[in-house]
Amino acid sequence: MITIPYITALTTYFSYGLLFAFGQFRDFFRKIFDWWRGNNLQGYAPIVLGLEDFYTRRLYLRIQDCFGRPISSPPDAWVNVVERVSKDNNKTLKRTTNVSRCLNLGSYNYLGFAAADEYCTPRVIDSMKKFSPSTCSTRTDGGTTTLHTELEECVADFVGKPAALVTGMGYATNSAILPSLIGKGGLIISDSLNHNSIVNGARGSGATVRVFQHNTPSHLESVLRENIAEGQPRTHRPWKKIMVIVEGIYSMEGELCKLPEIVAICKKYKAYVYLDEAHSIGAIGKTGRGVCELLGVDTADVDIMMGTFTKSFGSCGGYIAGSKEVIQYLKHTCPAHLYATSISPPAAQQIISAIKVILGQDGSNRGAQKLARIRENSNFFRSELQKMGFEVLGDNDSPVMPIMLYNPAKIPAFSRECLKQNLAVVTVAFPATPLLLARARICLSAAHTREDMIKALKVISSVGDMIGIKYFPAEPKKPQLEDGPVKLD
Amino acid sequence: MDATQIAIWNTTTEAVMNMVKSASDWITFAIDAPSARTVVFGVHIGGHLFVEGLLFVVILFLLSQKSYKPPKRPLTDKEIDELCDEWVPESLIPPITEDMKCEPPVLESAAGTHTVINGKEVVNFASANYLGIIGHEKLLESCTTSLEKYGVGSCGPRGFYGTIDVHLDCEAKIAKFLGTPDSILYSYGLSTMFSAIPAFCKKGDIVIADEGVNWGIQNGLFLSRSTIIYFKHNNMESLQNTLEKVTRDNKRAKKLRRYIVVEAVYQNSGQIAPLEEIIRLKEKYLFRVLLDESNSIGVLGSSGRGLTEHCRVPIEKIDIVMAAMGNALATEGGFCTGSTRVIDHQRLSSSGYVFSASLPPYLASAAITAINILEDSPQLITNLKKNISILHKGLSDIRGLEIASDKESPIVYLRLRKSTGSLKSDQQLLEDVVERLLKEENIFVTTSKRSTLDKCNLPTGIKYFVSAGHTESDLTKAYESMKRVAAKVLDGGD
Ligand SMILES: Cc1ncc(COP(=O)(O)O)c(C=O)c1O
Ligand SMILES: Cc1ncc(COP(=O)(O)O)c(C=O)c1O
């Protein structure tokens, strides 16, 4: 739980209030100006009405240079960030030809497969030459190649389920699978901080959606009890089925899911468990098999395991793993299987090769080294940040670590100052986080060396002093560390 | 009322009167206070006034009470435990039936115009490789360069260092090719539709859509929570009536955002939307148009710029153009193109763009190269058009089957002349035909499949995806073999 200091909350509210007031003020004059000039909509309603894009126009545009920075290299440990200039107060940004070489703390390149890899890249290029970049067809028509069947077997084996289905995009996996599994008369109980793709899938399914407090098994239990007792709204008939949806690592919090407790509760109340391992698969666990392996949960207890390949594997696409029957059924009904172009063959090969490296089937121990490195790097970086007095969220072993900023003015300040010192960081604010809880998010990679991390820590510390985000005294009691539930054997 | 009733009525009234009278008498007597004879403002305060006062108080008292509610007793923990124990969920999936078990053919080489299935070379009519550029040398070359430079994935959404320079180049290239101010890349064809539509259509907006639109659009419409009205498939009269009715019935319609959603070439039928007519109606009723050009970019028009070029309509008239790139461009992902305002709005409001990793850079390079190939070799389009017309002609007199698609559509769509009566047995019959074509004739075509989630109820059929790369003998083989197989399979059918 984040407890925001009183005075910080006050100044943060004040800042947003000021931004809002000025925005309204400008909108007011803009309206008068527009009225005087006459509108040019010719009878159409505007594409966005009034307040719908207020946030974008008046808050986001001021700091948009902190987001969407183009790069001209692979998203590896170091990236070439392309500089942009604006001639109209940040409303539009133009690319220049200048680049600055920055240490990358933003990409989800947990295992360092983003850049060309000695084992993967030659195989990927061979597959691309053999199968071309696309099949131009859906999986059920002419889009299933030998590579696709191999990939599905490989993934099922890796995550520890009897069968798997792979699609070309993680987001579409969630949003197309959920409607195939549950519909009207069903109940989805979703963690309050679940990813937008899950929210969209749940909404698209037509099932009733309830939310439980982020990562709080006790609240999940009370929601389950209440809803089973109540039944469906108005008719009070019993629910057809209940599905509990959680993520392995929460990407904005860096927290690990309390999976053992949640699985036990779901078992007790006969609810199905849907686990999204987008950030955890490949990145954690002794052999990279994700949160189940790390926390010692039997994969047989998780009914549906979902994950994406855009993170640790440095590819694209998503998977669903489950029992043979579930996959058979999904292959017959899931729109992402029936209507979408099958995953690009070279991307499929990248995943197969990356899994082989992770499992050491390439004949080297690079995979094991990568896994050890990401864990060491994460724990080192996290503890150093905490020692400096930053408010760092998340659990040990998680490669995602948010640093709390709170104040809206500190978002661009942190991002721009870091960039000046050749550090590419990600800042996140509303709507990805609650309004008050703006943060910077560090994602570590196995590709980072010790020197890289020391450089990054130096920069972050100096920027932290400059903008005042060391909310704790240096060397604090570290309350987060004690209740970190995870310790690897 | 008959006499007895009146009598009863009278007696009852009388009895009541008597009772009141005696009661007031009794009270007068009982109190017999000086007040009983007091006169206030010239009114004698008799006993009956006292009773009326009392009644008034009682009524007030009753009115002040809440209406009766059964006492609320929350369930005890034990009762909830019992309910939880009793509850039996349905199984996660329905029982597996035989038709769910069938597996699609597995390709052993690239999905070009000729491919290998089960060790045999077959002619491929199952890939929407319209320009025949799968395996094109330039395409492979640019992908190789890109893979070596950028790796495979982008490892992040566009906002967080997932924007790679080729993405921006690709967006500029698409906009330039189509003659629009700007465009935006999506990482998957399917997500283009279901993300872009909810970015524009919101709760309360009015959307008029064709009933034959593909699932991606259906899903986008559902997620938008707008008021959705479907019109008959590709029927302009129906569209006009719907527009007329909506505008007439809804007084507030002028203030709401209004959209028409159509596909250029319908994935589900191969029909082509009559764009001039749609533009005429849109301008008359002031609706915006969302057009899905997935199967028309690189196909229709003299230089492959899609339906707008085909119908000689300036592209500015279409407010939002969406397309998947997994067809003619032989890559993956999708794009949306239109005015700067329309595109910029999506960069923050379109969920599939904001919350998903960006398109792998080599696929963006492939898209740029594909457009270059298209611009450099206009004969691809001429070939494709010629092939379409050959196959269309060849397939036009098949026993038991008729062509449902437009004669210029790159998807030649055959459906049963006479349905067997049930969707399932129709589908089975078509599957039989397709299977025999593959086994006996080495021609790879597919049937259209419908997910149970798909609301489209156009008849299913057999689809031929024509490519510029098919040779004349491929095409001849395709329709000759179909004649033979249809004669065998569909003969007994009707
Ligand atoms: C509708 C609208 N009005 C006004 C503005 C800009 O207003 P101002 O020049 O006051 O910042 C924008 C800018 O994005 C806009 O989109
Ligand atoms: C939990 C979760 N699920 C799904 C996705 C979507 O995956 P993709 O980027 O492959 O579309 C993400 C991506 O950020 C995610 O964090």
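All chains are named by letter (A, B, ...) in the order of the sequence lines, taking the proteins before the strands, and each is independently numbered beginning at 1.
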Among the options B:A199, B:P95, B:C143, B:G216, pick out the one with the most heavy-atom pairs lying under 4.5 Å from chain A.
B:C143
Side chain, backbone, both or neither: which part of B:S154 has a non-hydrogen atom closer than 4.5 Å to chain A?
backbone
Side chain from CB out, backbone as N, CA, C, O: work out which of these in B:L453 comes under 4.5 Å of a heavy atom of chain A, or both, or neither.
side chain
Bottom line for A:V199: the part with an atom under 4.5 Å from chain B's heavy atoms is neither
Would you please indicate yes or no on a ring centroid separation below 6.0 angstrom for A:F67 and A:Y60?
yes
Contact summary for B:L139 and A:S132, nearest pair of heavy atoms:
CD2-OG, 4.4 Å
With a 4.5 angstrom heavy-atom cut-off, which part of A:Y272 approaches chain B: side chain, backbone, both or neither?
side chain
Pair count under 4.5 Å, heavy atoms only, with chain A: among B:I133, B:L147, B:L92, B:N327, highest is B:L92
If you apply the rule side-chain hydrogen bond (donor to acceptor under 3.5 Å, both in side chains), what do you find for B:Y362 with B:E148, and how did you get there?
CA-CA 9 Å; B:Y362 72 92; B:E148 280 166 354; over 6 Å; no
Applying a strict 4.5 Å limit to non-hydrogen atoms, the region of B:R347 in contact with chain A is neither
Which one, B:Q267, B:R158, B:E108, leads in non-hydrogen pairs under 4.5 Å with chain A?
B:E108
Looking only at atom types and distance, does a side-chain atom of A:T135 sit under 3.5 Å from a main-chain N or O of B:A111, one as donor and one as acceptor?
no
What part of B:L190 gets closer than 4.5 Å to chain A, counting heavy atoms only: side chain, backbone, both or neither?
side chain
If only atom types and distance count, is the side chain of B:R258 paired as donor or acceptor with the main-chain N or O of B:L286 below 3.5 Å?
yes
Value for SG (B:C456) from CD1 (B:I217), rounded to nearest 0.5 Å, stands at 11.0 Å
Here the gap from A:I304 atom CD1 to A:L181 atom CG, rounded to the nearest 0.5 Å, amounts to 5.0 Å
Checking side-chain polar atoms at under 3.5 Å, does B:S187 have a donor or acceptor matched by the opposite partner on B:Y353?
no
Using non-hydrogen atoms and a 4.5 Å limit, figure out which bit of B:F160 sits close to chain A: side chain, backbone, both or neither.
both
Is it the backbone or the side chain of B:T446 that comes under 4.5 Å from a heavy atom of chain A, or both, or neither?
side chain
Looking at A:D141, A:I242, A:T308, which one has more heavy-atom pairs under 4.5 Å with chain B than the rest?
A:D141
Whatever's closer than 4.5 Å to a heavy atom in chain A on B:S349 counts as neither
When you measure from the side chain of B:T144 to the backbone of B:L140, do you find a donor-acceptor pair of N or O atoms at a distance under 3.5 Å?
yes
Give a yes or no answer on whether the side chain of B:T331 reaches the backbone of B:L363 with a donor-acceptor pair at less than 3.5 Å.
yes
With chain A, the option among B:T452, B:N214, B:D454 that has the most non-hydrogen atom pairs under 4.5 Å is B:D454
In terms of heavy-atom proximity below 4.5 Å to chain B, should A:H337 be classed as side chain, backbone, both, or neither?
neither
If one checks every heavy atom of B:I96 against chain A at 4.5 Å, the contacting part turns out to be side chain
Measure distances from B:D85 to the heavy atoms of chain A and classify the residue's part below 4.5 Å as side chain, backbone, both or neither.
backbone
Top residue by heavy-atom pair count (under 4.5 Å) with chain B, among A:G185, A:S73, A:C443, A:G168?
A:G168
By a 4.5 Å heavy-atom criterion (distance strictly below it), what part of B:F125 contacts chain A: side chain, backbone, both, or neither?
neither
Under the rule for side chain to side chain contact (heavy atoms under 4.5 Å, CB included), what residues qualify as partners of A:S72, not counting sequence neighbours?
A:N80, A:V82, A:V99, B:D165
What part of B:N124 gets closer than 4.5 Å to chain A, counting heavy atoms only: side chain, backbone, both or neither?
neither
Options B:L359, B:D169, B:V445, ranked by heavy-atom pairs under 4.5 Å with chain A, top entry:
B:D169
List the atom of A:H148, the atom of A:I343, and the distance in Å for their closest heavy-atom pair.
NE2-O, 2.7 Å
At a heavy-atom separation under 4.5 Å, does B:I164 approach chain A through its side chain, its backbone, both, or neither?
both
What class does the angle between the rings of B:F465 and B:Y130 fall in, given that below 30° is parallel, 30 to 60° is tilted and above 60° is perpendicular?
tilted
Got a second to check how far B:E332's CD is from A:M169's CE, nearest 0.5 Å?
11.5 Å
Below 4.5 Å from any heavy atom of chain A, which atoms of B:F355 appear? Answer side chain, backbone, both or neither.
both
